[in-house]
Amino acid sequence: MAVPLSWADGGEAPPGPQISPRAAQVRRPPVLPHAIESAVWRGDALGTPVMSTLSTGFERLDAELPGGGWPCQSLTEVLQVQPSVLEWRLLAPAMRTLVAQGRQIVIIGPPKAPHLPGLRHLGLDERHLVWIAADKPVERLWATEQLIKANAAGMVVSWLPQARQEQVRRLQVCAQGCDGPVILCRPAATEHEASAAPLRLQARFGIDWELRIHLLKRKGPPHEGELTLPSVPGGLEAILTPRLRHPSRLIAARQSRELSHAVGSPSSRQPAGRPAAAH
């Protein structure tokens with residue numbers, strides 16, 4: 001091993017073993033081909049460079065999702081307390097993109113019949129929506145699997161509240177051959193259950209016409225806190241006044257007035273039936 005002159009002259013050698021430049025070159029990891037390098041996922045990255053996605057239509061949500069949108073060739077679970085309430089407002093922006101491309105949206109087993117005027121307010125043409133009415137869990141599961149395998153829809157949205165872990169795993173395997181996003185709507189109570197879906201999020205309403213999203217699971221670092229997404233229902237967008245767009249302010253003002261009335265100021269009058277104190 002080569003020794004610098006300063007060491008040979010009696011200088012103090014730095015701590016630790018010394019490696020010659022030749023040995024350093026030998027130990028340097030080889031450069032991977034681009035095709036392999038692009039497929040390598042590192043734990044601090046959101047998703048993989050080769051995954052395809054569909055923008056959610058919400059910039060803040062896209063920034064937190066692997067690949068910048070709803071993942072294709074993969075499952076996404078949307079968990080909420082009450083089904084068939086906020087799915088349309090969350091998914092409608094992405095659906096509009098697909099409908100504009102002439103793609104079809106297939107919905108399977110929604111708890112409530114789709115409201116056509118409401119869908120029009122969201123900018124969705126019902127002629128591009130296919131509704132499969134499947135009441136029994138086994139029927140919903142079968143229809144979902146067949147639609148995923150057929151790969152004929154721009155997006156598949158299925159309500160599967162009673163799906164078991166192994167059934168979700170089977171759907172995830174099938175979804176890897178599907179070009180569009182596959183969304184499973186499930187109860188909030190399944191939050192602590194294991195799931196093969198690479199992306200899981202919990203959604204709820206905010207008081208000021210917004211959606212509050214917490215990412216329970218994603219390919220990348222854990223997500224802290226909640227995302228607040230503006231989402232006024234389509235039918236109210238044109239009639240809400242600026243004051244009514246922020247109900248939280250009205251509620252806070254009302255509570256403040258009620259509190260001030262409840263506290264009040266001390267009364268100067270004597271209670272009835274009590275003589276005044278003698279001076």
Side-chain angles (χ1 to χ4, degrees), residues 54 70-96 98-99 103-205 211 216-217 231 233-235:
L54 172 67
W70 300 123
C72 303
Q73 301 174 341
S74 181
L75 289 186
T76 296
E77 285 190 358
V78 176
L79 312 185
Q80 58 177 324
V81 175
Q82 184 178 355
S84 195
V85 173
L86 55 75
E87 298 99 318
W88 293 106
R89 283 166 58 182
L90 177 62
L91 301 174
M95 289 180 174
R96 282 197 297 268
L98 294 172
V99 168
R103 309 285 303 274
Q104 286 188 329
I105 312 297
V106 179
I107 58 175
I108 303 168
K112 298 179 181 178
H115 185 243
L116 296 184
L119 295 179
R120 296 189 190 105
H121 278 302
L122 292 173
L124 298 178
D125 186 347
E126 66 271 17
R127 292 174 296 180
H128 291 272
L129 298 178
V130 178
W131 171 24
I132 298 179
D135 297 329
K136 297 180 180 180
V138 65
E139 294 176 347
R140 287 196 295 266
L141 187 65
W142 182 86
T144 302
E145 182 175 339
Q146 300 309 310
L147 261 297
I148 293 175
K149 289 181 177 179
N151 192 22
M155 176 185 288
V156 176
V157 184
S158 179
W159 282 259
L160 295 175
Q162 300 172 335
R164 300 191 302 272
Q165 296 178 20
E166 64 272 16
Q167 294 171 336
V168 175
R169 188 180 305 111
R170 179 180 175 86
L171 293 179
Q172 167 61 16
V173 173
C174 296
Q176 294 176 9
C178 184
D179 294 333
V182 178
I183 313 294
L184 303 184
C185 300
R186 310 200 62 209
T190 62
E191 172 186 354
H192 301 292
E193 295 181 4
S195 173
L199 176 62
R200 305 182 81 203
L201 57 89
Q202 193 170 65
R204 64 185 184 90
F205 282 122
L211 301 177
L216 300 171
K217 178 184 178 183
S231 178

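Just so you know, these numbers use all the heavy atoms, side chains as well, and skip hydrogens, waters and symmetry mates.
The shortest side-chain heavy-atom distance between Arg89 and Phe205 falls under the 4.5 Å cut-off. Between Cys72 and Asp179, every side-chain heavy-atom pair lies at or beyond the 4.5 Å cut-off. Side-chain contact between Arg204 and Val81: absent, with no pair of heavy atoms (C-beta onward) separated by less than 4.5 Å. With a 4.5 Å cut-off on side-chain heavy atoms, Leu90 and Ser231 do not count as touching.
If you take CD1 on Ile148 and CD on Gln176, they are separated by 11.0 Å, rounding to the nearest 0.5 Å. To the nearest 0.5 Å, the span separating CG on Leu147 from CD1 on Ile132 amounts to 4.5 Å. In this structure, CG on Asp125 lies 10.5 Å from CG on Leu116, to the nearest 0.5 angstrom. Separating the SG atom in Cys185 from the CG atom in Leu91 is a distance of 6.5 Å, to the nearest 0.5 Å. To the nearest 0.5 Å, atom CG of residue Leu129 and atom CE of residue Met155 are 11.0 Å apart. Annotation: the span from Gln73 atom CD to Gln172 atom CD amounts to 10.5 Å, rounded to 0.5 Å.
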side-chain contact (heavy atoms from CB on, under 4.5 Å) assessment of Glu77 paired with Leu216:
CA-CA 10 Å; Glu77 285 190 358; Leu216 300 171; over 6 Å; no

Could you go through the side-chain contact (heavy atoms from CB on, under 4.5 Å) check for Trp88 and Ile107 one step at a time?
CA-CA 11 Å; Trp88 293 106; Ile107 58 175; 3.8 Å; yes

Salt bridge (Lys or Arg N to Asp or Glu O under 4.0 Å) evaluation trace for Arg170 with Glu166
CA-CA 6 Å; Arg170 179 180 175 86; Glu166 64 272 16; over 6 Å; no

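The shortest heavy-atom contact between Val168 and Leu75 is O-CD1, 3.5 Å. Of all heavy-atom pairs spanning Arg140 and Ser158, the tightest one is O-OG, 4.3 Å. What you find for Ala196 and Arg169 is that their closest heavy atoms are CB-CA, 3.6 Å. Pro137 approaches Gln162 most closely through the heavy-atom pair CG-OE1, 2.7 Å. Minimum interatomic distance between Gly154 and Pro181 (heavy atoms only, all atoms of both residues): O-CD, 3.3 Å. The nearest pair of heavy atoms linking Cys174 to Lys149 is SG-CE, 3.7 Å.
With no hydrogens or angles considered, a side-chain donor-acceptor pair links Gln80 and Glu87 at under 3.5 Å.
A distance-only check finds a donor-acceptor pair linking the side chain of Arg186 to the backbone of Leu160 [under 3.5 Å].
Partner of Leu184 under the side chain to side chain contact (heavy atoms under 4.5 Å, CB included) criterion, out of Ile108, Leu171, Thr190, Val78: Leu171 alone.
Arg96 CZ: more than 12 foreign heavy atoms inside a 6.0 Å radius.
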